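Contents: one structure, followed by commentary.
Side chains are part of it too, since the values below use all heavy atoms of this structure and drop only hydrogens, waters and symmetry mates. Numbering of residues begins at 1 and proceeds along the displayed sequence. A quick note: this is a predicted structure, and the numbers were derived from the prediction, not measured.
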Amino acid sequence: MKSAVETLNPTRVRLTVEVPFEELKDSLDAAYKKINQQVTVKGFRKGKIPARVIDQRFGRGAVLEEAVNDALPKFYTEAVNEGELNVLGQPEVDITELKDGELLAFTAEVDIRPALEIPDYSGIEVEVDAVEVSDEDIDKSVEQLRERFASTSPVERAAQDGDVLTLDLEAKVDGEVLEDGVAQGVSYTVGSGELLDGIDEAVKGVEAGGSATFTSELKGGSAQGKEAEVKVDVTAVAARELPELDDDFAQLASEFDTFDELKADSSKRLAQMKKYDQATQAQEKVLDELLKLVEVPIPEKLLADEIETRKHNLVNHQLGQMGLDLAKYLEIQGKTEEEFDAETKEQAEKGIKTQFILDELVNKEKLNVSQEELTEHLMRRAQSSGMSPDQFAQAVVEGGQVPMLVGEVARGKALAVVVEAATVKDTNGEVVDLDDEDETAETVQAESEGTDEAAAEEKNEG
């Protein structure tokens with residue numbers, strides 16, 4: 001077999017392949033055997049029809065077509081390996097010559113990963129937020145904990161902000177009560193805005209046993225998006241009582257004996273969270289600066305597929321779970337469809353560039369992934385997916401996604417190498433030490449994970 005590679009552009013090549021006919025022998029034998037199992041000829045046992053009879057009855061052309069279809073993937077793969085190409089997606093194959101007994105020639109056009117030059121990135125400098133925990137931050141954290149331990153007691157007065165009400169609801173559209181528009185015994189905190197637009201205004205000032213009506217656009221159900229007339233009956237009003245911020249509260253809400261110890265622990269936890277956020281911010285900013293340093297041509301089809309995948313996931317998974325369609329989502333976001341498309345394209349381009357650059361860095365820095373690192377990553381992914389580690393691992397193996405996970409870990413390590421080489425300072429001008437926050441590369445990998453999944457079925461390494 002002879003092959004040659006012609007570069008059409010930085011992300012696409014054309015392979016020209018010539019195969020001597022004798023190299024088709026195995027595929028020809030397989031073609032005769034397959035046809036033998038599919039046809040019957042009077043006077044011959046099934047599977048024992050001579051090749052010359054098959055040629056006479058069904059045509060040599062049918063045999064050649066079957067043999068070529070069988071042989072093409074093998075010769076294409078050999079040509080890809082010979083040319084040391086990193087291909088993306090399926091090739092467009094064109095048989096240019098087929099001479100029985102002499103030659104098979106074909107061309108294959110396919111997208112490839114572009115060759116990238118990674119410049120010196122040690123000069124990257126970024127600024128991140130300083131880790132500062134204010135008294136206001138601590139007070140807010142303690143107040144949130146205090147809210148969790150609030151108690152309620154019935155009161156004989158009109159409902160007001162902060163009260164917990166027990167409600168019966170009935171929604172009508174065009175005068176008809178909806179089958180799924182009736183609910184009883186609903187617990188609702190006045191001012192939370194968690195049920196329907198307009199309910200807070202309707203129930204304020206209403207005592208237990210009282211009613212009110214209001215109109216609201218339904219957020220879900222059979223009449224989602226329609227204006228409904230909603231009748232609300234207040235069956236009970238309870239006032240929320242917050243515990244005193246003292247040592248008794250500390251013992252109730254934590255493992256600490258004193259309120260001062262509880263506040264000190266809150267301060268420590270907030271500092272850890274801000275340190276984590278700082279590391280994530282540093283990695284995102286370093287990645288943005290790295291992307292600016294490298295020119296990355298993107299295959300058109302890969303970009304189109306990635307855009308389509310991101311749209312599909314948003315509409316069919318994220319919005320579907322919230323009971324929204326794309327039009328309603330855009331209305332809520334205050335975006336036009338053109339703005340959404342431009343934003344999606346920008347995100348897709350960034351995801352692909354991130355993956356290409358970090359993969360190139362993995363090769364350049366000769367980074368390997370250990371079994372321990374892969375296991376840790378799998379555990380984190382399982383946790384975020386809501387599956388047990390065993391279930392997630394089984395799904396990954398059965399779906400052939402292990403190489404994808406290995407790639408994610410390797411790219412995380414590549415980004416960590418760049419961050420370590422960069423200068424990261426906080427808003428106070430202090431150099432930030434990120435050694436203890438390696439795992440935050442996980443958050444940045446979201447930029448390229450979508451690309452991995454979109455390309456998983458398209459990528460063909462032979």
Side-chain angles (χ1 to χ4, degrees), residues 118 121 124 126 128-129 131 265 268-291 309-310 313 317-318 347 350-422 424 432-457 459 461:
I118 308 293
Y121 46 77
I124 291 178
V126 298
V128 296
D129 296 332
V131 175
D265 182 69
K268 180 181 176 182
R269 290 176 184 272
L270 287 169
Q272 289 173 338
M273 289 173 56
K274 286 177 178 282
K275 179 70 175 174
Y276 185 89
D277 291 342
Q278 184 190 63
T280 302
Q281 186 183 24
Q283 293 199 335
E284 290 172 346
K285 289 193 171 186
V286 168
L287 177 61
D288 287 340
E289 292 303 311
L290 179 64
L291 292 177
T309 296
R310 287 175 181 253
N313 289 341
H317 298 297
Q318 297 168 342
Q347 292 169 347
K350 183 177 181 181
I352 293 171
K353 287 180 178 180
T354 297
Q355 181 175 326
F356 282 178
I357 292 173
L358 294 182
D359 282 346
E360 185 65 31
L361 273 169
V362 168
N363 295 329
K364 180 180 179 181
E365 302 291 345
K366 296 181 173 57
L367 301 175
N368 295 311
V369 176
S370 69
Q371 184 62 48
E372 182 182 2
E373 290 168 333
L374 181 60
T375 300
E376 289 177 0
H377 181 67
L378 187 146
M379 299 280 279
R380 284 192 289 266
R381 286 292 300 271
Q383 188 175 20
S384 65
S385 71
M387 300 169 69
S388 73
D390 287 344
Q391 288 174 325
F392 187 78
Q394 184 178 352
V396 166
V397 172
E398 290 178 353
Q401 301 298 298
V402 173
M404 187 183 78
L405 283 188
V406 172
E408 290 174 8
V409 179
R411 284 191 284 277
K413 294 180 71 172
L415 182 56
V417 168
V418 181
V419 173
E420 186 177 352
V424 181
V432 177
D433 180 10
L434 300 171
D435 288 346
D436 295 331
E437 303 294 337
D438 290 343
E439 73 275 7
T440 55
E442 299 289 326
T443 59
V444 181
Q445 282 310 106
E447 290 292 346
S448 60
E449 277 170 15
T451 305
D452 261 345
E453 291 158 8
E457 293 184 4
K459 186 172 181 180
E461 298 290 353

Using every non-hydrogen atom in the two residues, find where Val126 and Ala282 come nearest and quote the distance to one decimal. CG2-O, 4.4 Å

Distance check, rounded to the nearest 0.5 Å: Glu373 atom CD versus Glu408 atom CD? 14.0 Å

Among residues at least two apart in sequence or on other chains, which ones pass side chain to side chain contact (heavy atoms under 4.5 Å, CB included) with Asp265? Phe256, Arg269

Can you sort out the partners of Glu289 under side chain to side chain donor-acceptor pair (under 3.5 Å), two or more places apart, ordered by chain and number? Lys292

With Glu376, which residues qualify under salt bridge (charged side-chain N to carboxylate O under 4.0 Å, His left out), at least two apart? none

Roughly how far, to the nearest 0.5 Å, is CD of Gln394 from CE of Met387? 8.0 Å

Atom pair CD1 (Ile118) and CD1 (Ile357), whose distance is rounded to the nearest 0.5 Å: 5.5 Å

Taking side chain as C-beta onward, heavy atoms only, is Tyr121 less than 4.5 Å from Val417? yes

Contact summary for Ala382 and Pro389, nearest pair of heavy atoms: CB-CA, 3.8 Å

Partners passing side chain to side chain contact (heavy atoms under 4.5 Å, CB included) against Lys274 (at least two apart in sequence or in another chain): Val131, Val133, Asp137

Interatomic spacing from CG in Leu361 to CD in Glu365 - rounded to 0.5 Å: 6.0 Å

Among residues at least two apart in sequence or on other chains, which ones pass side chain to side chain contact (heavy atoms under 4.5 Å, CB included) with Val396? Phe392, Gln401, Val402, Leu405

Hey, what do you get for CG (Leu287) to CG (Leu358), rounding to the nearest 0.5 Å? 6.0 Å

Sequence-distant partners of Val362, side chain to side chain contact (heavy atoms under 4.5 Å, CB included), two or more places apart: Leu367, Ala410, Ala414

In terms of heavy-atom contacts, Val406 and Val369 come closest through O-CG2, 3.7 Å

Checking side-chain contact (heavy atoms from CB on, under 4.5 Å) against Lys275, which of Gln272, Gln278, Met273 comes through? Gln278

Nearest 0.5 Å, please: how far is NZ in Lys364 from CD in Glu360? 8.5 Å

Please indicate whether Asp288 has more than 12 foreign heavy atoms, meaning atoms of other residues, nucleotides or ligands, lying under 6.0 Å from its CG. yes

Got a sec: does the CD of Gln383 have more than 12 other heavy atoms crowding it under 6.0 Å? no

Side-chain contact, heavy-atom cut-off 4.5 Å: Arg411 with Asp359? yes

